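On a predicted model such as this, the values are computed, not experimentally measured, just so you know.
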Amino acid sequence: MMDIIFPVAAFAAAFLGVRRSLGLGFVVVFATGYFNGIIRANFLGVFTTFMFDAALLGLYLGTAIGHPALAREMWAGRAGRFCLFLIGWPAVLSLVPVNDLLVQFVALRATVFFLPVMLIATRMSSADLGLMARGLAVLNLCALVGGVYVYQNGVAALYPENAVTQIIYNSKDVGGFEYHRVPSTFLSAHAYGGAMLLSLPLVLAWLFGTGVDRPDRVLAAAGAVAAAAGILMCAARQPAVTFALGTMVAWTCARFHPTFGVAATAVVAAGLIVADSDERLQRAATVEDTEVISERVRGSANDSLLELLAEHPLGAGMGTSVGTSIPYFLAERAPVAIGLENEYCRILIDQGWVGLVAWIAFLGWLLCRPSPARLRSRWGLAVVLMYALVFTTWATAFIGTGMLASVPGSVLLLTQMGILIRVREVRSGQSPQQIAERP
């Protein structure tokens, strides 16, 4: 029963933290996500499976009790109405007894339970963003320590082989299939690389922003270096590719600002030089193999999506889609998976065309018009980078699945979507000013 300590502690820390400030509450949730993998692997049990969910529950209840005015306001406006529908529709579908009810409720985790994070993030102040930037920098350094340890000593040094570490032990495809990918303190290399990538907007904005003290700049620089090292070291291709594409989108949003272009080129060049020093850091280079990429695309996005839409217009039941994260203790109750390695297909199979159209409409509303670049303001760089990463992540979501179920990457992504919503609302005058210093 020792494993119950972890979700209780995560809930209490997030609940107390968010009552003090939204930023502190988010840092606690991020920290829980950063160490979620290594704790779950070494303290296998039902309670640790939901440790991250317990931290989110503490964040939600703490916000509702400690900041009731903000909690009421965040549901107002178009974003709140979108979110209500994106939560309500799958919640109704989960009550239809198509699959085992426990499996259907677990499927709501990525579909429903994480979404309020996006609305809470719309209420954060500039001070909250600064606290989050410092927290992410420290967490990135902790993850780097774990990553280097695994890199040097192997995954068995931190991860016993069991039901939740199968993906780690199955990912032995680095350096001529001699080494495993590096998960650091996460449950997969993709989760490690994705978290490092999604931490960069706030950390880099804190590094280059105005009015930041020298110690904070040093911390931010260390956190950014740790993130870049993690993207290389994890040996997962997707974070590296998303970084490259997101950099191009960000430069476009910055109207090809020369300083931004030079900085991005320098970062990419430095990464290539470091990667060239060790074969284990070069797995991302396999994206040059067009045959591998074309096979992956054909397997994730093809005419089968239209066939699935015709066959399951209202979905096939919550928890049925490929990519649904089902806990090991419910594996025997899970239905036969249907679909493709495609996040849009996952939404389609779970929620039918109604849910898919709702998500596409929401993303179109949020991303159809990038926010004006204000690189010289404290959070201007963060907004540009957030838009680039959110846009690139959703634009490439047809290749692969699990984007909304990754811990803590999904919450980092939704947090940035919430900040982009706030920028959109403030600049269009849709809601009262709540940010002490606008991004």
Side-chain angles (χ1 to χ4, degrees), residues 17 20-31 34 121 124-148 184 192-233 239 243 246-247 250-251 253-254 257-274 371 373-389 408 412 415-416 419-420 422-423 435-439:
R20 182 170 181 178
S21 74
L22 295 184
L24 183 57
F26 272 77
V27 169
V28 172
V29 170
F30 295 154
Y34 270 60
M124 288 193 293
S125 68
S126 179
D128 293 323
L129 298 183
L131 183 56
M132 285 170 53
R134 289 191 292 269
L136 287 171
V138 172
L139 290 171
N140 286 355
L141 291 170
C142 294
L144 179 62
V145 172
V148 170
S184 181
Y192 177 30
M196 295 302 98
L197 175 66
L198 289 166
S199 71
L200 283 174
L202 281 173
V203 174
L204 289 176
W206 196 243
L207 173 60
F208 296 108
T210 59
V212 180
D213 296 335
R214 179 173 295 180
D216 282 339
R217 288 193 194 277
V218 173
L219 175 62
V225 170
I231 293 172
L232 284 176
M233 190 164 48
F243 172 79
T247 299
W251 194 29
C253 293
H257 194 287
T259 303
F260 188 98
V262 170
T265 302
V267 170
V268 173
L272 292 175
I273 292 172
V274 173
S371 301
R374 301 170 63 218
L375 297 179
R376 294 184 180 179
S377 65
R378 171 174 289 190
W379 300 112
L381 178 61
V383 170
V384 172
L385 294 177
M386 286 179 189
Y387 177 86
L389 282 182
L412 282 165
T415 299
Q416 295 181 29
I419 294 171
L420 292 178
R422 186 58 185 166
V423 171
I435 299 180
E437 180 184 333
R438 296 188 304 180

*side chain to side chain contact (heavy atoms under 4.5 Å, CB included) against V148, all qualifying residues, sequence neighbours excluded*: L144, Q152, M233

*V423 and M386: CA distance, side-chain angles, deciding distance, side-chain contact (heavy atoms from CB on, under 4.5 Å) verdict*: CA-CA 11 Å; V423 171; M386 286 179 189; over 6 Å; no

_Interatomic spacing from CG in L389 to CG in L198 - rounded to 0.5 Å_ = 6.0 Å

*How far apart are the C-alpha atoms of D216 and W206, what are their side-chain angles, what is the distance that settles it, and do they pass the side-chain contact (heavy atoms from CB on, under 4.5 Å) test?*
CA-CA 8 Å; D216 282 339; W206 196 243; 3.2 Å; yes

*If every non-hydrogen atom of V384 is compared with every non-hydrogen atom of A250, which pair is closest and at what distance?*
CG1-O, 3.6 Å

_4.5 Å side-chain heavy-atom contact, P239 and M196_ = no

*Output all residues satisfying side chain to side chain contact (heavy atoms under 4.5 Å, CB included) with L204, sequence neighbours left out; order by chain, then residue number.*
L200, L207, F208, A224, L381, L385

*Any chance CZ of R20 has more than 12 other-residue heavy atoms, nucleotides or ligands included, within less than 6.0 Å?*
no

*Quick one: closest heavy-atom pair of M124 and T415, and the distance?*
CE-CG2, 4.0 Å

_Shortest non-hydrogen separation from Y192 to G147 and the atoms involved_ = OH-CA, 4.4 Å

*Roughly how far, to the nearest 0.5 Å, is CG of L412 from CZ of F30?*
4.5 Å

Donor-acceptor list for residues 129-143 side chains, cut-off 3.5 Å, not counting sequence neighbours:
from: N140; atom 1: OD1; to: Y34; atom 2: OH; distance (Å): 2.7
from: N140; atom 1: ND2; to: S199; atom 2: OG; distance (Å): 2.9
from: N140; atom 1: ND2; to: G223; atom 2: O; distance (Å): 3.3

